[in-house]
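Data block below; observations after.
Values below: every heavy atom of this structure, side chains too, minus hydrogens, waters and symmetry copies. In what follows, every chain begins at residue 1, and chains take the letters A, B, ... in the order their sequences are listed.
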Amino acid sequence: MEVNYIHSFKNLNYKQCIEIQNKLIEKIELKPLNYTPEIVAGVDLSFFQEYSIAIIIVIDEKFNEIELVYHYQKTEFPYIPGLLAFRELPVFLEAWKKLKIKPDIVFFDGQGIAHPRKMGLATHGSYFINLPTIGIAKSRLYGTYEEPCKEKGCFSYLFDKNNEKIGIVLRTRKDVKPVFVSPGNYITINEAKDITLKYTLKYKIPEPTRLAHIYSQKIKNEKFKSG
DNA sequence: GCGACAG
DNA sequence: ATCTTGTCGC
């Protein structure tokens, strides 16, 4: 798939990254999707020594795996809370170029707007691929919330310092720690929640991201260990 | 100054 | 994320 524009982030300092994020805030469009996604992609990265491996898995409504692409290159940006996109997007976008099928929406392993500057991985990534995105995080980065009830489907809202909703704490499985769902872009908070549940089977992590994680581990082992 | 802090 | 064994519970 095509990429809007891309440049390495490796020479940016902390302050410059924050400036980029602040400039992109005004471009966020949390508008209704107005259609039901049928082709969904999941993204995840794994790391081995100095390398980063990004994989993208594409599935249809029946969870059939339609396409899988990956790309690995040397890691060129450290993990810094709040700046995850600068570390992961460059690798992801190289894998994205190899993708033939155009998904209706993309699930990222991290936050969307549930971020100090509303610029989590999923939101930042949406500008490069021009598609709706959802952030699925296993833990909280930013925001306050009440604990949702224990049944599958229970949820509570995540709020920022201005008491604005920035995401949902969603119980995707009974008696299991909830996931933090937030829209990346071009979708609403509630749609992100509904679509996440729709793509969740018997595990805590919804299928797109869960499968992406499994394959990123598998490819890492094939390329850097046994194979 | 101190604590928090996606992957 | 990654390094790593067993273990409690459905």
Note to self: What is the distance, to the nearest angstrom, from the CD atom on A/Glu88 to the P atom on C/dA1?
What the structure shows: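 So the CD-P distance, A/Glu88 to C/dA1, works out to 9 Å.
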
* **Centroid-centroid under 6.0 Å between A/Tyr79 and A/Phe77 rings** =>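 No.
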
Looking only at the aromatic ring of each residue, does the gap between the centers of A/Phe48 and A/Tyr72 stay below 6.0 angstrom? no

Q | Sidechain-backbone polar pair: A/Arg171 side chain, A/Cys149 backbone, donor-acceptor under 3.5 Å | A |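 Yes; judged by distance alone, with no hydrogens or angles, the pair exists.
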
Do other residues, nucleotides or ligands put more than 12 heavy atoms under 6.0 Å from the [atom1] atom of [X]?
| X | atom1 | result |
| --- | --- | --- |
| A/Glu146 | CD | no |
| A/Lys198 | NZ | yes |
| A/Lys98 | NZ | yes |

Requested in this report: Evaluate the ring planes of A/Phe9 and A/His124, with Trp represented by its six-membered ring, and classify them as parallel (under 30°), tilted (30 to 60°) or perpendicular (over 60°).
Outcome: tilted

Heavy atoms within less than 4.0 Å of DNA chain B: which residues of residues 114-151 of chain A have one? Give them sorted by number.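 Close to the strand are A/His115, A/Gly120, A/Leu121, A/Ala137, A/Lys138, A/Ser139, A/Arg140, A/Leu141.
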
Outer limits of DNA chain B sitting under 4.0 Å from a non-hydrogen atom of chain A, read 5' to 3', are B/dA4 to B/dG7

Side-chain N or O of A/Gln217 closer than 4.0 Å to phosphate OP1/OP2 of C/dA1: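 So the side-chain polar atoms of A/Gln217 never come under 4.0 Å of the phosphate oxygens OP1 or OP2 of C/dA1.
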
**Report entry** Side-chain N,O (A/Lys220) to OP1/OP2 (C/dA1) below 4.0 Å
**Finding:**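 False: A/Lys220 side-chain N/O out of range (4.0 Å or more) of C/dA1 OP1/OP2.
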
Quiz item: Which part of the nucleic acid, if any, lies within reach of A/Phe47 when heavy atoms closer than 4.0 Å are counted: base, sugar-phosphate only, or nothing?
Solution: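 A/Phe47: backbone/sugar contact only, no base atoms under 4.0 Å.
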
First locate atom NZ of A/Lys204, then atom CZ of A/Arg210, and finally report the distance between them rounded to the nearest 0.5 Å.
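Reported value, rounded in 0.5 Å steps: 13.5 Å.
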
